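The structure appears right after this line, and notes come after that.
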Amino acid sequence: DVQMTQSPSSLSASVGDRVTITCQASQDISNYLSWYQQKPGNAPKLLIDAASNLETGVPSRFSGSRSGTDFTFTISSLQPEDIATYYCQQYENLPFTFGGGTRVEI
Amino acid sequence: QVTLRESGPALVKPTQTLTLTCTFSGFSLSTSKMCVSWIRQPPGKALEWLALIDGDDDKYYSTSLKTRLTISKDTSKNQVVLTLTTMDAVDTATYYCARAFRNYGLFDYWGQGTLVTVSS
């Protein structure tokens with residue numbers, strides 16, 4: 001199985017800050033990496049697919065990038081409504097696997 | 001409008017078999033590129049993918065749980081059923097079903113989840 005190592009597990013930032021989360025795959029997964037946002041009590045929501053492709057309706061302050069097997073998720077200017085846990089997920093290989101999650105607080 | 005809803009028991013005893021149903025609308029699981037997955041999340045922990053079934057009735061399972069999992073579908077009822085045998089306290093989790101269309105691993109629509117607690 002492909003292991004997804006996500007860091008940090010939690011972070012605290014101020015409104016307007018730039019927030020960066022990283023995810024490392026244990027093997028080459030090409031661009032088959034997605035990012036989900038999960039707010040407390042809710043199901044996850046797909047934000048980004050193919051490492052950097054923003055889903056329709058997702059604010060442009062969210063972005064993603066890839067360098068080899070390292071992936072980065074960025075919120076350019078943190079907003080109060082961005083408080084959530086974020087997960088990376090690889091979908092290049094079955095079984096699909098998720099990172100451990102990053103809780104973002106203000 | 002795509003919707004999914006999970007249903008099943010909120011409480012099961014250790015060693016029992018869990019049966020969950022995902023009832024969906026707004027799409028058909030007769031299309032070969034369509035699939036439904038089950039994903040679970042223990043309280044305060046990360047997401048774990050469990051199984052998927054596609055429009056061709058192909059099935060795939062988590063490596064660690066494949067001996068205990070069975071996924072099936074009833075296309076006429078727009079339902080996907082997941083069974084998990086020999087339940088244990090570590091299986092306590094919120095269980096989600098989710099749809100994927102563009103790629104089997106891209107979950108674009110999710111149910112609200114159902115919390116299953118394993119306790120005697």
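Note that these values count all heavy atoms, side chains included, but never hydrogens, waters or copies made by symmetry. Worth saying up front: this structure is predicted, and the values here are computed from it rather than measured.
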Honestly, the part of Y109(B) sitting under 4.5 Å from a heavy atom of chain A is neither

The interface call for E92(A) against chain B, heavy-atom contacts under 4.5 Å, is neither

* Same hydrophobic cluster for I71(B) and L18(B), using side-chain heavy-atom links shorter than 4.5 Å among ILVMFWY? -> yes

Turns out that what part of I39(B) lies under 4.5 Å from chain A's heavy atoms comes down to side chain

Cluster overlap V104(A) with I106(A), hydrophobic side-chain contacts below 4.5 Å: yes

Distance col, row L47(B):CG vs T97(A):OG1, nearest 0.5 angstrom, shows 11.5 Å

Bottom line for E55(A): the part with an atom under 4.5 Å from chain B's heavy atoms is side chain

If one checks every heavy atom of K66(B) against chain A at 4.5 Å, the contacting part turns out to be neither

Answer key: most heavy-atom pairs under 4.5 Å with chain B among Q6(A), K45(A), Q38(A) is Q38(A)

Whatever's closer than 4.5 Å to a heavy atom in chain A on Y60(B) counts as side chain

One should read off an interatomic distance between L94(A) CG and L52(B) CG, to the nearest 0.5 angstrom, of 6.0 Å

- Treating Ile, Leu, Val, Met, Phe, Trp and Tyr as nodes and any side-chain heavy-atom pair under 4.5 angstrom as an edge, say whether F96(A) and L50(B) lie in one connected cluster. no

Here the gap from D49(A) atom CG to F107(B) atom CZ, rounded to the nearest 0.5 Å, amounts to 12.5 Å

If you tally heavy-atom pairs under 4.5 Å between each of S34(A), P44(A), G101(A), A43(A) and chain B, the highest tally belongs to P44(A)

(request) Evaluate whether atom CZ of R5(B) has more than 12 neighbouring non-hydrogen atoms of other residues, nucleotides or ligands under 6.0 angstrom away. (result) no

message: Test of understanding: clusters of I, L, V, M, F, W, Y form through side-chain heavy atoms closer than 4.5 Å, transitively. Do W35(A) and L106(B) belong to the same one?
response: no

* Find out if a path of hydrophobic residues (ILVMFWY) with successive side-chain heavy-atom gaps under 4.5 Å connects L20(B) to Y96(B). => no

For Y32(A), does the OH atom sit with more than 12 other heavy atoms under 6.0 Å from it, leaving out its own atoms? no

CZ of F98(A) to CD of Q41(B), rounded to nearest 0.5 Å, is 9.0 Å

Q: Kindly indicate, with the supporting measurements, whether the criterion ring-ring contact (aromatic ring centres under 6.0 Å, His included) is fulfilled by Y36(A) and W110(B).
A: CA-CA 12 Å; Y36(A) 291 84; W110(B) 295 63; 5.8 Å; yes

Exercise. Answer yes or no: are there more than 12 heavy-atom neighbours, outside R103(A) itself, under 6.0 Å from its atom CZ?
Key: no

One should read off an interatomic distance between Y91(A) OH and N103(B) CG, to the nearest 0.5 angstrom, of 5.5 Å

Here the pair of heavy atoms bringing A46(B) nearest to G99(A) is CB-O, 3.8 Å

